Amino acid sequence: MSAYKSDFLNILAERGFIHQVSEPEALDARAKDGTLTAYIGYDCTAASLHIGHLLPTMMLYWLQQTGHRPIALMGGGTTRVGDPSGKDESRKVLTEEVINENLASIRKTFSKFLKFESDGGNAIMANNADWLNTLNYIDFLRDVGRHFSVNRMLSFDSVKLRLERQHELSFLEFNYMILQAYDFVELNKRYDCALQMGGSDQWGNIVNGIDLGRRLNNAHLFALTAPLITTASGAKMGKTAAGAVWLNADLLAPYGYWQFWRNTEDGDVTRFLKLFTTMPLSEIARLDALQGNEINEAKKILATEATALMHGRAAADEAAETARKTFEEGAHAENLPTIEIARADLEQGVGVLVAFAEKTGLVSSNGDARRQIKAGGLKVNDATVTDDKMTLTSKELTREGVIKLSLGKKKHVLLKPV
RNA sequence: GGGAGAGUGUCCCGAGCGGCAAAGGGGGCGGACUGUAAAUCCGCUGGCUAAGCCUUCGUAGGUUCGAGUCCUACCUCUCCCA
């Protein structure tokens, strides 16, 4: 089906990772004949990557699986500048200590997908602070800056948007694209990296790097971008006001991660199976044929496979089992998030409002708890709470010795006396 | 430096004759229908010890019985002129 000759591009194409490629034939030939080194840049504004980073990371995964060499470039330097793409406001500038902490935390996530040298693989983790922090401004302007036309830079979407909306774009941020281009050239020099991948919004920045490489070193570089993933109903993926879907287990437990995938819209299941799991396409095609209610089976597989990739098979199976007990049997699955409560408090009785708002944080305040009770959204041991003066005591303990508190149908917490 | 505008419910956008816990969206949360989906419909979307009280409209003062609204100073941003 796909016209590519290399495994790498074939897999990416079949699985729906490719939005745009520069010089597809030439890149294909390179990937077929030798080892290709490619990179993706990540910023380190948060302590964990989130769902939005997963797609590019999967591209690195397949790159390595098909015998090539991936580089995860951490923007230790550029994070101090801030990419204006897709933002109409300036990013906060982070201190170096915070950036380094974030970087260390993110490193763990990558090791789930990529084999670094310490694990006997060839993946590289680079940090652009290594070369950006020591740049000399005048030298940089003379050697690199001369190759950038401000006229052209002004025509880039990321810049144009800011100007049109009359939002400020600082000179600092204006330089981001130059630094990113420079990164590409530097990685090419250091590691013979010839391809930069990224989201579709990165196309302009990547192409800049290609141009710069040619002008400075006569290097032949390539760009490959992935489509912007939106859900079937058009929303940006993993961007809810409730918070980002984090990849670090300490920010989002495997069970929550599993739930995220479980709740995928029907129309997205097949696409997500291709992008976010490593299941063979033939198997995915079989699941694609499922209709109506049966799609839920596919969703469970999607959830388990995606979670296994991220948190390991055991955690994924455990999450699946917890979900099965909770939703299909209505039982008090042991592995639901558990909050400890002092036994003495329970003996005296704990008000429902306090239990929900303060102990578990399922709702944000007592007032919110009252509202939810009025709307019929709170349950204790699966019985709807009707009285906001209700008190929880040790009588509410189930046979398992816990009290199950629920908000809506999906969010459950166990209270456990200690 | 001179001139003209703007900053509103701590998610976002946005209305607001001196009586305002403040219109309307979006988003979010809950309920109904389903399949832990989508679409649709309904309710909620400052806090509290809750028929009451407290805190909110860039910041600090002032005028007034009463200020998001009027006055003064300051901060931040945008535009025009130099």
Side-chain angles (χ1 to χ4, degrees), chain A residues 50 86-90 92 161-171 173 230-245 255-273 287-288 290-304 306-307 319-331 333 336-337 349-358 360-380 382-391 404-413:
Chain A
H50 56 75
K87 309 274 186 312
D88 50 6
E89 273 176 41
S90 304
K92 283 204 183 103
L161 183 83
R162 285 282 192 91
L163 295 180
E164 277 166 9
R165 291 234 208 155
Q166 303 194 338
H167 281 135
E168 190 191 59
L169 174 70
S170 68
F171 184 65
E173 295 165 283
T230 54
T231 66
S233 37
K236 236 188 180 175
M237 203 183 152
K239 286 275 167 68
T240 63
V245 179
Y255 175 71
Y257 191 75
W258 194 93
Q259 283 296 327
F260 169 79
W261 293 106
R262 173 64 242 264
N263 287 316
T264 300
E265 290 179 35
D266 286 9
D268 292 327
V269 175
T270 302
R271 197 157 49 107
F272 286 3
L273 279 167
L287 294 171
D288 185 44
L290 297 175
Q291 292 294 320
N293 201 348
E294 293 179 327
I295 291 179
N296 283 320
E297 291 311 311
K299 288 184 190 179
K300 287 178 205 167
I301 292 171
L302 168 64
T304 305
T307 307
E321 179 60 12
T322 301
R324 193 186 65 76
K325 276 189 186 161
T326 308
F327 287 97
E328 293 174 25
E329 293 178 9
L336 285 172
V350 178
V352 256
L353 299 183
V354 174
F356 273 94
E358 285 170 34
T360 69
L362 279 172
V363 295
S364 57
S365 67
N366 289 5
D368 196 16
R370 273 181 237 267
R371 282 191 285 273
Q372 290 296 356
I373 287 172
K374 211 172 284 179
L378 296 190
K379 288 182 189 146
V380 172
D382 297 318
T384 305
V385 178
T386 52
D387 177 11
D388 61 17
K389 299 216 167 49
M390 175 182 177
T391 310
K404 181 184 180 191
L405 301 181
S406 313
L407 167 65
K409 278 176 277 197
K410 296 183 188 175
K411 292 175 202 120
H412 310 280
V413 167

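All values derive from a computational prediction rather than experimental measurement.
- Comparing the same atom, C1', in C11(B) and in A50(B) gives a spacing of 27 Å after rounding to whole Å.
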Exercise for review: Output, in order, the C-alpha distance, side-chain angles, deciding distance and verdict of side-chain contact (heavy atoms from CB on, under 4.5 Å) for Asp388(A) and Phe356(A).
Suggested key: CA-CA 11 Å; Asp388(A) 61 17; Phe356(A) 273 94; over 6 Å; no
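- Leu378(A) comes within contact range of no nucleotide atom at all, as no heavy-atom separation falls under 4.0 Å.
- A 4.5 Å side-chain heavy-atom check between Arg262(A) and Asn296(A) finds at least one atom pair inside the cut-off.
- The nucleotide whose nearest atom lies closest to any side-chain atom of Asp266(A) is, among A37(B), U36(B), G30(B), A37(B).
- Straight-line distance between the P atoms of A82(B) and G66(B): roughly 48 Å, to the nearest whole Å.
- When all heavy atoms are compared, the tightest approach of Trp258(A) to Ala323(A) is CZ3-CB, 3.3 Å.
- The phosphate of A37(B) has neither OP1 nor OP2 within less than 4.0 Å of any side-chain N or O from Thr264(A).
- Nucleotides A4(B) and C71(B) have their P atoms positioned 14 Å apart, rounded to a whole Å.
- With a cut-off of 3.5 Å on both pairing distances, the Watson-Crick or G-U wobble partner of C74(B) is G58(B).
- A21(B) is unpaired under the Watson-Crick or G-U wobble criterion, no partner having all donor-acceptor distances under 3.5 Å.
- In this structure the side chain of Val385(A) reaches within 4.5 angstrom of the side chain of Met390(A), judged on heavy atoms.
- In this model, the phosphate group of C48(B) is approached by a side-chain N or O of Ser365(A) to a distance below 4.0 Å at OP1 or OP2.
- The side chain of Phe327(A) lies closest to U36(B), out of U36(B), G30(B), U34(B).
- Nearest heavy-atom pair across Asp368(A) and Val363(A) is OD2-CB, 3.7 Å.
- Asn293(A) places its CG atom 7 Å from the P atom of U36(B), with the value rounded to the nearest Å.
- The CZ-P distance, from Arg271(A) to A37(B), rounds to 19 Å in whole Å.
- Between Lys299(A) and Glu294(A) there is no salt bridge, since no side-chain N of the basic residue sits under 4.0 Å from a carboxylate O of the acidic one.
- Between the C1' atoms of A21(B) and U8(B), the separation comes to 13 Å (whole Å).
- Straight-line distance from the CZ atom of Phe260(A) to the P atom of A37(B): 14 Å, rounded to whole Å.
- For the C1' atom pair drawn from C48(B) and U40(B), the interatomic distance equals 37 Å after rounding to whole Å.
- Between Arg271(A) and Asp268(A), at least one side-chain N (NZ, or NE/NH1/NH2) sits under 4.0 Å from a carboxylate O, which counts as a salt bridge.
- Remark: C79(B) base-pairs with G3(B); criterion is Watson-Crick or G-U wobble with both hydrogen-bond distances under 3.5 Å.
- Atom P of nucleotide U36(B) and atom CG of Asp382(A) are separated by 15 Å, given to the nearest angstrom.
- On the C1' atoms, C80(B) is 27 Å away from C13(B), given to the nearest whole Å.
- Using N1 to N3 plus N6-O4 or O6-N4 for Watson-Crick, or N1-O2 and O6-N3 for G-U wobble, each under 3.5 Å, A38(B) pairs with nothing.
- Base pairing of U64(B) is not made with any nucleotide, judged by Watson-Crick or G-U wobble geometry with both donor-acceptor distances under 3.5 Å.
- Position along RNA chain B of the nearest nucleotide to Trp258(A) versus Leu407(A) favours Leu407(A) as the more 5'-ward residue.
- A distance of about 16 Å separates the P atoms of U55(B) and G47(B), rounded to the whole Å.
- The residue among Ala320(A) and Lys389(A) whose nearest nucleotide of RNA chain B lies closer to the 5′ end is Ala320(A).
- With rounding to whole Å, Asn263(A) atom CG is found 19 Å from U34(B) atom P.
- Base orientation for C20(B): syn, the chi torsion being within 90° of 0.
- The base of G47(B) lies outside donor-acceptor range of the side chain of Asn366(A), with no N or O pair under 3.5 Å.
- Atom P of nucleotide G43(B) and atom CG of Asp368(A) are separated by 18 Å, given to the nearest angstrom.
- Here Lys411(A) lies in heavy-atom contact (under 4.0 Å) with sugar-phosphate atoms only.
- The separation between Leu287(A) atom CG and G35(B) atom P is 20 Å, rounded to whole Å.
- At least one side-chain nitrogen or oxygen of Arg371(A) sits closer than 4.0 Å to the OP1 or OP2 atom of G47(B).
- Set against G35(B), U36(B), A50(B), the side chain of Arg370(A) has A50(B) as its closest nucleotide.
- Contact check, Lys300(A) against G35(B): no side-chain N or O comes under 4.0 Å of OP1 or OP2.
- Glu294(A) comes within 4.0 angstrom of nothing in the nucleic acid, heavy atoms only.
- Between Lys374(A) and C42(B), a side-chain N or O to OP1/OP2 separation shorter than 4.0 Å is absent.
- Residue contacts shown for Gly367(A) include a base, since a base heavy atom lies under 4.0 Å away.
- A37(B) atom P lies 6 Å from atom NZ of Lys409(A), rounded to whole Å.
- Counting heavy atoms from C-beta outward, Lys410(A) and Asn263(A) have side chains that approach closer than 4.5 Å.
- Evaluation of atom-type donor-acceptor distances gives no pair under 3.5 Å for the side chain of Arg262(A) against the base of A37(B).
- Rounded to whole Å, the C1' atom of U64(B) lies 13 Å from the corresponding atom of U69(B).
- Nucleotide G27(B) is matched to U45(B) when pairs are restricted to Watson-Crick or G-U wobble geometry with both distances under 3.5 angstrom.
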